[in-house]
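Right, one structure below, let's go through it.
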Amino acid sequence: MDNNNLNLYKIYKKIFKYWKKKKILNYNIKNKYKKKFIIYDGPPSINGNPGVHHIFSRIIKDIFYRFYTMNNYKVICKLGWDTHGLPIEIEVEKKLKINKKDIGKKISVKYYNYKCKKFVKKNFKKWIKFTNQIGYFFNKKNYFITYSNKYIESIWWIIKKIYNKNLLYKEYKVLPYSPIAGTPISYQELNLPYTYKKIKDISVYVLFKLIKKKIFKKIKNKIYLLSWTTTIWTLPCNSALLIKGNIYYLLIKIYNIYFKKKINIIISEKSIKNILYNNKYKILKRFLGKKIIGLKYKQLINWFNYTIKKKKKFIIINDNLNLIKEDIGTGIIHIAPNFGKNDFEIGKKNNISEILYKNKNNKLYQIIDKNGKFIKKVPLGLGNKYIKNSYYNNNYKKNKYLIEKIFIKYLIKKKKLFKIKIFKHIYPHCWRTNKPIIYYPIKSWFINLKKIKKRIIKLSKKINWCTTNLIKKKFENWLKNIKNWNISRSRFWGTPLPIWKTKDEKEYLVIGSLKQLNNEINKSIKLGYINNNPLKKKNINLHKHFLDNIILSSKNGKKMFRELDVIDVWFDSGCSTYAQNNYPFNKKKKKLIDNKIYFPSDFISEGIDQTRGWFFTLHIISTIISKYISYKNVLPLGIILDKKGKKMSKSKGNTLNPFKILKKYGPDSIRWYMVYNNFPWKNIKFNIEDIKKIKNKFFNTLYNIYLFFLNYSKIDNFNLKDKYKNQYIDKWILSKLNNLLFKTYNNYKLYNITYLSRDIYNFVIYDLSNWYIRLSRKRFWKKKYDNDKISAYQTLYKCIINVLKISYPISPFFMEYLFIKLSYINKKNKNIILKKFPKYNKKYINNIIENNMLFIRKYCSIILSLRKKKKIKVKQPLQSVNILINNKNKKIFKNINNIKLLKKEVNIKKINFIKYKKLKKYINKEIKLNYKILGPKYKNKIKYIENFFKKIKNKSISKLEKKKYINIKKIKINLNEVFIIYKVIKKNNIMYSKNNTIIILNTKINNILKEEYLVRYFINKIQRLRKKKNYKLIDKINIFLYKKNNIYKILINNKIKICKETLTNNIIINKKIFKKKYFYFNKKKIIFNIKKNNL
RNA sequence: AGUCUCGUAGCUCAGAUGGUUAGAGCACUACACUGAUAAUGUAGAGGUCCGUGGUUCAAUUCCACGCGAGACUACCA
């Protein structure tokens, strides 16, 4: 088989088919389960194609799915999909080319919801394909989808439960609101990543004309209060000005460029610098803010002036919420209670009225509608225009600052403008439409989380975050500042709020099940409010269009209508613990949850952005419903960035098509890459080059190891039952292997998948491939099928099989593929998942051998580097190397195996171990200070000591070594306070010295060594030629040599060795050679050829 | 705007309660090895440890300020 043809995608397909045929796609196929392992799947929203980041969260779960199945757990994991909500609605609106306001007008809600469902179903197919392709298998009988009636019914039950606990309430409040989506945004949604964006706004300083009172009696001219705002569109609704009572304000005379004359303005003392551009001004009066509290002013823009009776308007009030910061603005804040959270609170506290529009029928309206447009009655052509130009889709640039320009023109005309300033700030945006939100007064349903905050936090401490403490702390801190959850959305495609109300909103009815709804409908039919029971129809669909028509009756017999809103999608997914099991209506599952068998989950894992999303909602809902945590372990996953470190997003065009990547590199290498690359919670810079590297290095190497084993074991008819005794190097790799098994098992248990994948990788590349196989190759080549050879086979086989098993959860297809291929050795080995996860065997662990080997490898590397420096090839044998014997290496070199290994690896005939005393012959000494000890002891005298040792001679150093100290004037320096450094003196020697390790290599090459080199060189040439001629491994050959000069004698003298290593029958000296091959050695031409001779 | 984290080789990152010559992997270059062979090994080159100042015998490490990046918080009018 050809190595470069290793196609992981083809292997995936083969194995997938095979699994399908054998019906082991659904993991729970073992007969005996001891325990259960519960995973909850965070349902992804299927508003489009799956992205690369979805690979990540699914494979992480799959890894533990497989791991725990191997450990004989019954793993419970229902895959789910989030099918409701804004993300889907927006995609559908784009497709239908409609706006929110068209729904119910141009097209019916029923049709719209039908389209949404269709859209979801279409994407669902893609998702199943994708899920299967990454090795996370979809089970037709076991999944949940949030639009199903059963799922919705469970949500209703939960809503009712929350209502009964007095945690659900309706309130009129100024909320973050997305006009384009036409729905309020919860604070959880506002806290999703990338919602706060830098924008440029035009801000204005405007002049409110004060109605003068005593305090300004002496001032003749008009007095203005100067206020600054970034939301120019709220000015018509101004009804109060906020100042701070305990700070100083100034009345100043200053030039106004728009009036072209000097005017009198009031401003806080410290904010004066904000409004100056080289203007001079004159202070007329300095006074505390409280002196003007309660004064009135003239309305700034008097387009509308309807206010609520008994409420105040156009008045200066005190800032008791401490909102005024003196370095910003003018110290005077404009308040419009209907637009702004703080404004609303202040208005409420100070009994300030909103400014509203009242029509002929005495109906009241906000002057800005729910679409984010001014109502028709607004003058200056502003009517029906968006209040922010960024709400326009197409002509945004053309209309840039259009609204602001109109306002500014008007303010100049009315002599009410002081200054304009471009203001850069960070502003919240809607997470789906990407448009800025506004703060808008709305009646909404809330869950009172503040009331149960203590329990939420207390329980959250039981959750184990499989990551750094930082993320856990942030989650807990965030819970401390928890806000009540706004769960109603004025949208269409979502779980409908199961709440009915009377027209006067005095009576409410919350429905908690279909059965209850059915009963209520029957009551209503008796009263004649509706004609027939829609629940009796065949295909009922518990969505808005279906329920809105149902009229129920109140206790007092009044008509009740459904609350028109749907529920926040985040609530849907937060209910998944219960709703996926149709809790409490499915009695079997209810038992399992109540008895804490299906609950809480052992493990969940989703993107780190879900900390404020699903992780949060899941926790909240289980806190309310079960009074317990809903997950024990959570592994948050980093964001997938492109290779430049930027977030992947459709708008930037840097997303990758996961299907294409899967096809090119196969799921296994991607899975391995994602786990291996970095800790899961750190952001991944997704780089295809790195996947290639993983494929080339890890998978190719593993495959090569397999091929190597395959080739030779077949030639030798290796049998697993063959008896053997382990050799030195086998003991080493088995010790390494068992340590690896030990570590890996524990790391899976602790969810440390990055560590364990790196351990496996290092074992395969550095220990198994680069060391064990390289050193053992000759054992496989030799003819005799003896203990040494059997031991090598047995060991290598053990290593491969175990590596396959422990790597299987991460890269299942490839591992299974090799496992099946190797089943000719052991016919019981068919499918990894049916096997038990291997555990380590203590008796194989031998730390002494491992340490020895580490040491030898280090010495090899040092000696090879010395050879390199002298440009002596490894093939050239060398006579000797001198190694300083010290406490560390004494024991190691007592073992002959280690000496043999080292000699073989660096191709040196003899190793001399020399004692410290005999070093003199080879080296010069120098002294370096141990600053860590000497520094604190002698402080600034250290420079003097440095100088002394710079000039020191060999004799003095020897003295120091003997006496173990030296005196420098009055200072006594001990031997352990310095380091002795060595330098080589002898010719033909090269030395390495660091700490206590000294190696001196003898680089002299005599004739015998040269001859040996020639023989090896010649063998190499023959081997290459064999391969070039495509001879088989077991083919025998004859060598033909052309007799000319005495170099041949050397080769003939080594005939036995050459024949043995190249499977040669005979070396034939000829005067003529057919088709000459030749090479040069010491500038002499050597002519030869080979021929197959399988006699 | 505030709080937190971070800034180390071309890239991805380690690291040290302050102390000898600051480490890995990848990429690069050279060489070697070679019946696992488009694999593999060894070595080399590469760093003002973001900048400035302070503390210290000694600062990449501690402190302060500045610059830059990221996360979180926040309607800062």
Side-chain angles (χ1 to χ4, degrees), chain A residues 2-4 174 176 190-191 193 196 203 227-231 234 241-242 323-325 327-336 339-344 423 425-428 436-439 470-471 473-474 477-478 481 608 611-612 639 643 645 677-678 682-683 685 687 689-690 693 696-697 700-701 703-712 758 765 769-771 773-774 777 780-781 860-861 863-865 867-869 871-875 905 928-946 978-979 981 994-995 1020 1023-1024 1026-1027 1031-1033 1062-1063:
Chain A
D2 203 351
N3 190 16
N4 48 348
V174 167
L190 219 51
N191 278 316
Y196 283 84
S203 67
S227 180
W228 175 62
T229 183
T230 54
T231 50
T234 61
L241 289 173
L242 197 67
L323 299 171
I324 292 174
K325 282 164 198 165
D327 50 337
I328 289 170
T330 64
I332 301 174
I333 299 182
H334 129 72
I335 301 290
F339 301 106
K341 199 177 99 193
N342 288 336
D343 299 43
F344 182 78
F423 184 64
H425 60 148
I426 294 162
Y427 197 82
I437 58 121
I438 57 172
Y439 289 82
L470 211 75
I471 297 172
K473 268 186 190 165
K474 275 188 177 172
N477 269 338
W478 190 65
N481 298 317
I608 200 162
T611 310
R612 304 297 160 84
I639 301 164
K643 65 178 172 187
N677 182 51
N678 209 338
K682 287 200 173 182
N683 295 348
K685 287 182 190 171
N687 190 349
E689 293 299 311
D690 286 345
K693 271 178 222 155
N696 284 343
K697 201 141 189 181
N700 271 1
T701 305
Y703 192 67
N704 278 333
I705 292 171
Y706 153 75
L707 280 184
F708 182 81
F709 178 82
L710 182 80
N711 281 337
Y712 289 102
R758 287 177 184 179
I765 304 291
S769 171
N770 292 355
W771 197 250
I773 292 196
R774 211 161 54 83
R777 259 187 277 181
F780 294 96
W781 294 343
C860 282
S861 143
I863 293 169
L864 288 172
S865 106
R867 293 183 79 114
K868 162 83 188 166
K869 270 179 193 148
K871 290 185 180 172
I872 302 168
K873 295 179 181 182
V874 182
K875 219 182 272 170
E905 195 53 20
K928 280 207 172 174
L929 306 184
N930 185 343
Y931 285 94
K932 213 169 184 173
I933 297 172
L934 290 173
K937 204 167 170 184
Y938 298 107
K939 304 226 157 156
N940 49 7
K941 281 178 193 163
I942 209 153
K943 274 173 193 162
Y944 173 75
I945 300 170
E946 267 170 21
V978 296
F979 301 104
I981 306 290
K994 192 172 180 178
N995 297 343
N1020 174 7
Q1023 297 285 37
R1024 281 193 199 200
R1026 278 183 67 114
K1027 182 137 203 243
Y1031 290 179
K1032 280 179 193 165
L1033 276 175
T1062 58
L1063 273 185

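Numbers restart at 1 for each chain; the letters A, B, ... are given by sequence-line order, proteins then strands.
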Do [X] and [Y] have side chains that get closer than 4.5 Å, going by heavy atoms?
X      : Y      : value
A:I773 : A:F708 : yes
A:V174 : A:D343 : no
A:S769 : A:N704 : no

Check: Given the side-chain rings of A:F709 and A:Y706, with only the six-membered ring counted for Trp, is the space between their centroids under 6.0 Å?
Finding: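 For A:F709 and A:Y706, the ring centres are not under 6.0 Å apart.
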Round to a whole Å and report the spacing from [atom1] of [X] to [atom2] of [N].
X      : N     : atom1 : atom2 : result
A:N704 : B:G41 : CG    : P     : 12 Å
A:W228 : B:A77 : CH2   : P     : 6 Å
A:L323 : B:A74 : CG    : C1'   : 12 Å
A:R774 : B:G41 : CZ    : C1'   : 6 Å
A:I438 : B:A77 : CD1   : C1'   : 17 Å
A:I773 : B:A39 : CD1   : P     : 17 Å
A:E905 : B:G41 : CD    : P     : 12 Å
A:W478 : B:A71 : CH2   : P     : 17 Å

Please give the distance between the [atom1] atoms of [N] and [M] as a whole number of Å.
N     : M     : atom1 : result
B:A77 : B:C62 : P     : 37 Å
B:C67 : B:G25 : P     : 38 Å
B:G44 : B:U17 : P     : 28 Å
B:U61 : B:C6  : P     : 14 Å
B:A27 : B:A64 : C1'   : 39 Å
B:G19 : B:C11 : P     : 26 Å
B:C49 : B:U60 : P     : 7 Å
B:U5  : B:G41 : C1'   : 41 Å

Categorize [X] for me: base, sugar-phosphate, or nothing, with a 4.0 angstrom heavy-atom threshold over every strand shown.
X       : answer
A:Y712  : sugar-phosphate
A:N1020 : sugar-phosphate
A:Y1031 : base

* Asked: Do A:S769 and B:A36 share a donor-acceptor pair, side chain to base, under 3.5 Å?
  ->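 Check passes, donor-acceptor contact within cut-off.
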key: Test item: A:R1024 side-chain N/O and A:N1020 main-chain N/O as donor-acceptor pair under 3.5 Å   =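 Checking the backbone N and O of A:N1020 against the side chain of A:R1024, no donor-acceptor pair under 3.5 Å is found.
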Does A:Y703 put a side-chain nitrogen or oxygen below 4.0 Å from OP1 or OP2 of B:A39?
->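 For A:Y703, the contact criterion (side-chain N or O under 4.0 Å from OP1 or OP2 of B:A39) is not met.
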Does A:R777 put a side-chain nitrogen or oxygen below 4.0 Å from OP1 or OP2 of B:A36?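 Yes.
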State the pairing partner of [N]; accept Watson-Crick or G-U wobble contacts with both distances under 3.5 Å, and report none otherwise.
N     : result
B:A69 : B:U5
B:C11 : B:G25
B:C57 : B:G19
B:A36 : none
B:A77 : none
B:U42 : B:A30

Identify, between A:T701 and A:F339, the residue whose nearest nucleotide on RNA chain B lies closer to the 5' end.
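Whichever sits nearer the 5' end wins; that is A:T701.
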Which residue, A:N770 or A:K697, contacts RNA chain B at a nucleotide closer to its 5' end, judged by nearest heavy atom?
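Here A:K697 is the residue nearer the 5' end.
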Indicate the atoms forming the closest heavy-atom contact of A:G329 with A:W228, along with that distance.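 That would be CA-CE3, 3.6 Å.
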Discussion item. How close do A:L241 and A:H334 get, counting heavy atoms only, and between which atoms?
Written reply: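 Where A:L241 meets A:H334 most closely, the heavy atoms are CD2-CA, 3.8 Å.
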